[in-house]
Amino acid sequence: VSNADAVAAVLWVGVTLYAVFGGADFGSGFWTLLAGNGERGRKARDLVDWAIGPVWEANHVWLIFMLVTLWTAFPEAFASVMSTLFIPLCLAALGIVLRGAGFAFHRVAARRSGRRLAEAAFATASVLTPFFMGTVVGAVASGRVPVGNAAGDPVTSWLNPVSLLIGALFVASGAYLAAVFLVSDARRFSAPDLVGYFAVRARAAALGAGVLAIAGIIVLRSDARFMYDGLTSEGLPLVLVSLACGAGALILLWRGARRGVRALAVAAVVAVIWGWGAAQYPYLLPQTLTIEQAAGATETLTTVLVVFGIAVVVVLPALAFLFLLDQRGILQEEGES
Amino acid sequence: VSPELFPLAADLGAARSQMAFTLGFHIILACIGVAFPAIILVANYLGLKRGDAVALELAQRWSKVAAVTFVVGAITGTVLSFEMGLLWPEFMRRFGDVFGLPFALEGIFFFTEAIFIAIYIYGWKRLSGWAHFWTGVPVVLAGLGGAWSVVAANSWMNQPDGFKLAADGTVTDVNALDAFFNGAVGYEAPHMILAAYIVTGFLVASVYAVGMLRGRTDRHHRLGLLIPFTVAAIATPIQFGVGDTAARSIAKDQPIKFAAMECVQTTHRHVTEYIYGRCTEDGVKGGIGIPGFDSWLVGFSTDTKVIGLDTVPPDERPPANTLLHWAFDTMVGICTALMALGAWLGIAWLRRRDIPRTKWFLRAVAVSGLAAIVALECGWIVTEVGRQPWIVYEVMRTEDAVTQADGVWVSLGVVLVLYTALGIATVMVLRAMARRWRAADDFDVPYGPRPAPGQPEAPQ
């Protein structure tokens, strides 16, 4: 394995973490958007609030990790993507600002109107951000990002069938993961009515994501043949794993099982991301720029790997400490606030 | 539609304006993020050591304020990492692998900071006093490390190192560690970190000075003024020395930036130091001139030769020299005034163990926070505008780094509106928090403790 491949794998770990944790966070916002203003909608929103409270900042960290790794290790790819896809990336950044500000302010806003506004910003941006991220992924996957400074088409590169479908798929898979997590959270929150509420939504989102995935494969066949071929050859085992996990999670959800649903749902998403990676390999920008071609200076790649090692040693224990305290309820208050 | 009427086309001016505006906004929150945890821990330490409930209450409230500013800092920081590629793709394409390392390190520090700030803010009630105090220490250390790393990237742009250029301009022989430990980081990073402590200290103190001017002179307000003020007052004279060293280093390492800051047109000795005044090609018009002092500041002798702008062609000189000169003088002037303010309290404290009794002292503290922010922005203008027309000093021009994508004018417009709203909302939220504390009403913050399971928070 070359250094460039190793760094690409590290980058893919970042993509996976962002898709799972960030996706679930975005998905939680999706459900608050649909929750409505009734009594049950309010309770659902409270649960979302309670569930993503302490760990939501991780979202930014995975994204920044991806951006920094990309520009340090694969500057050519970073520059090409960021310039051709200027419009959807600006819209995604806009969404990140609105979402973060909305989440931060809605808990402290003094007036009801301010709180409503903050909640609306949070919920709307939670849908738009992953959608535009998905269109970016679709543009890359369908080979619409040529090498160069804004060398691709500024509009059709991301407004095309593949991009739109992957955008929708990102929203749906985030909503699916979020609903699955929220079912467990509702049990911890001692809110039995919300268990059923989110179980129904998890099933609906699972079916939605499944339909979009199948539609995506059909569109890829006509619009991005290279990716289709990759997903049906090198990537096929992982696609099948994803299908099996997705179906397994759906069955468990139907039976109301307490254990295993979350693991299977996460596995379904992780498998499809690595299947995508396998299908695209050895390209970073399919059919125009390989990982080796995009790689920066060899010495920098080594340094990136060392820094990644340091990050694992420093950050993981700290993160484990945070989760430990959280699980033990040390970060919660008893009764009164 | 003609491009003049609707300027959608790629534009260097729009890209520079957007970068300047978003960075100028983020830098205030970054300063608070770096320095506020230390000030909170000072209050926390005093509270625990002396069993002082007022100090502990201040620390707890400040940590809730820090939660809000930390979030706004995180999102505006995320936008900046997008903008590196959205606005400057050619810069990142050529040099991403040279100076990317500091950002990777900053990422680690930021992650550590985010984790421990969550633990610290969540842990107020359930962790024991000192255990809780120690969970705050990594936040302070990570803030220092993160600030050092990010400034290392900026100082690399001023003093690029860790690579060689082939005859055709290709970057070779990359050494990311040499890039990290470039020639300017040794003075730029401490200068920025001290600025963070000064801005945050005076800003927090100014809030309590306003409260005292409105008649709330209880111990809560006095301590709320004294703790951050003391931290800032200690940092200010150190900053004066560090800044002086930085200016002398810039005169040596980036003489054209220095010449633009001081409006030195031709290389000569016995250079007059002008305080303010208008920069023209024939020298400074107006302003207060001190003969020979500029030479003396550069080399401790009025006989020191100072490099002038005429040593480089006009298209390699920074724009807006009067703005640069004024920004530099304003920064130094405000720092001097803040030092005097610190001395005022110091003398009063030595004599009477008390804050000066006159209202003029409180009025001065009340404006010191905004003054420190003005100084911060002025310093940033000197660094960034003074480096122009280079994005990498004497290696790459800013106009060669900019995106060819259309629509930067539109994104600039959106950013102006969005950040103005974000700034207003942040201030409104913080003011609402203060009002509710005065009404003794507790509430949730982004990182604040959750209600226990089964007991969702009461609707507002």
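A note on names: the letters A, B, ... follow the listed sequences, proteins ahead of strands, and every chain is numbered from 1.
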Task: Segment of Thr426(B) engaging chain A (4.5 angstrom heavy-atom cut-off) - done: both
Please flag which part of [X] lies under 4.5 Å from any non-hydrogen atom of chain B: side chain, backbone, both or neither.
X	result
Ala318(A)	both
Leu98(A)	side chain
Leu67(A)	side chain
Val314(A)	side chain
Phe78(A)	side chain
Ala311(A)	both

Open item on the list: Quick check: do Tyr122(B) and Leu322(A) have side-chain heavy atoms less than 4.5 Å from each other?
Closed with: no
Task: Centroid separation Trp71(A) to Phe91(B) less than 6.0 Å - done: no
Open item on the list: I'd like to know if the side chain of Asp97(B) and the backbone of Ala297(A) have a donor-acceptor N/O pair within less than 3.5 Å.
Closed with: yes
Open item on the list: If we define contacts as heavy-atom pairs under 4.5 Å, which of Ala77(A), Gly296(A), Ala79(A) has the most with chain B?
Closed with: Ala79(A)
TODO: Specify which of Asn175(B), Val72(B), Val79(B) makes the most heavy-atom pairs with chain A at under 4.5 Å.
DONE: Asn175(B)
Kindly compute the distance separating [atom1] ([X]) from [atom2] ([Y]), expressed to the nearest 0.5 Å.
X	Y	atom1	atom2	value
Thr78(B)	Ile64(A)	OG1	CD1	3.5 Å
Ser81(B)	Met66(A)	OG	CE	10.5 Å
Thr69(A)	Phe103(B)	OG1	CZ	13.0 Å

TODO: Assign the ring pair Phe321(A) / Phe116(B) to parallel, tilted or perpendicular, where the plane angle (0 to 90°) is split at 30° and 60°.
DONE: tilted
